[in-house]
Amino acid sequence: MLLKLDQVTKEFRQSTGWGRPPKVFTALKDVSLSIREGESFGLVGESGSGKTTLTRCILRLEEITSGSIYFDGADLTRMSASEVRALRSQIQIVFQDPYASTTHA
Ligand SMILES: Nc1ncnc2c1ncn2[C@@H]1O[C@H](COP(=O)(O)OP(=O)(O)OP(=O)(O)O)[C@@H](O)[C@H]1O
Ligand SMILES: [Mg+2]
């Protein structure tokens, strides 16, 4: 398996002031999926369902709260910063460009 996510959970914590418990927002809960080499994988969901957050977690732009992410058998979530940098040539994001995706009449 090229990419394997095992029960990935991502919580965002927001402080609500001194002495108060932080507000916790669960953006991803127990997400598991596997993608084989050469396979195309489409992730579909309504706005705010967590597609971008999931992608940012795979790229280690966000730290996950629990679970594991394996790329080519190696646990991405336990890699050092320099190991993650070395993987940047193999895992990349194509950012959304609203102008590029709009048909101008
Ligand atoms: N840094 C953050 N702190 C707090 N909440 C966040 C943060 N980033 C994302 N969220 C929340 O996580 C949820 C998932 O957002 P995300 O951007 O991943 O959705 P999406 O599926 O990519 O939506 P869209 O289709 O609009 O791009 C949203 O409710 C969003 O408000
Ligand atoms: Mg998005």
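Residue numbers start at 1 and run along the sequence shown.
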Inset, instruction - Working to the nearest 0.5 Å, report the span between OG1 of T16 and NZ of K23. - result: 7.5 Å
Inset, instruction - Would you check if T77 and I58 make a side-chain contact, meaning some heavy-atom pair closer than 4.5 Å? - result: no
Legend entry - Carboxylate-amine/guanidinium proximity below 4.0 Å for R13 and E11: yes
Inset, instruction - Inspect the surroundings of CD in E39 and state if more than 12 heavy atoms from other residues, nucleotides or ligands are less than 6.0 Å away. - result: yes
Inset, instruction - Give the intermediate values and the outcome of side-chain hydrogen bond (donor to acceptor under 3.5 Å, both in side chains) for residues S80 and E83. - result: CA-CA 5 Å; S80 66; E83 286 173 303; 3.2 Å; yes
Inset, instruction - Of all the heavy-atom pairs spanning R60 and R78, show the shortest one and how long it is. - result: NH1-N, 4.0 Å
Inset, instruction - Can you measure from SG (C57) to CG (L28) and round to the nearest 0.5 angstrom? - result: 5.5 Å
Legend entry - Quiz item: cation-pi between K10 and F12, 6.0 Å / 45°: yes
Inset, instruction - Identify the heavy atoms of A27 and T53 that sit nearest to each other, and give their distance. - result: CB-CG2, 4.2 Å
Legend entry - Shared hydrophobic cluster for L87 and F41 (ILVMFWY, side-chain gaps under 4.5 Å): yes
Legend entry - Nearest-0.5 Å distance that lies between atom CD1 in I69 and atom CE in M79: 11.0 Å
Inset, instruction - Look at the side-chain heavy atoms of Ile, Leu, Val, Met, Phe, Trp and Tyr, link any pair under 4.5 Å apart, and say whether I64 and F25 land in one connected group. - result: no
Legend entry - Nearest atoms (heavy-atom pairs only) where K51 meets G45: NZ-O, 2.8 Å
Legend entry - Any donor-acceptor N/O pair, S32 side chain to Q7 backbone, under 3.5 Å: yes
Legend entry - Backbone of D30 reached by a side-chain donor or acceptor of T9 within 3.5 Å: yes
Inset, instruction - Drop me the distance from K29's NZ to T65's OG1, to the nearest 0.5 angstrom. - result: 10.5 Å
Legend entry - Hydrophobic cluster identity match, L76 and L43, side-chain contacts under 4.5 Å: yes
Legend entry - Any side-chain heavy-atom pair of Q90 and F71 under 4.5 Å: yes
Inset, instruction - Please step through side-chain contact (heavy atoms from CB on, under 4.5 Å) for the pair I91 and L2, ending with a clear verdict. - result: CA-CA 11 Å; I91 309 178; L2 186 63; over 6 Å; no
Inset, instruction - Would you give the length of the straight line joining atom CD1 of I35 to atom CG of L5, rounded to the nearest 0.5 angstrom? - result: 7.5 Å
Inset, instruction - Mark yes or no for whether R88, through its side chain, and L59, through its backbone, hold a donor-acceptor pair below 3.5 Å. - result: yes
Legend entry - Y70 OH to D6 CG distance, which is reported to the nearest 0.5 Å: 6.0 Å
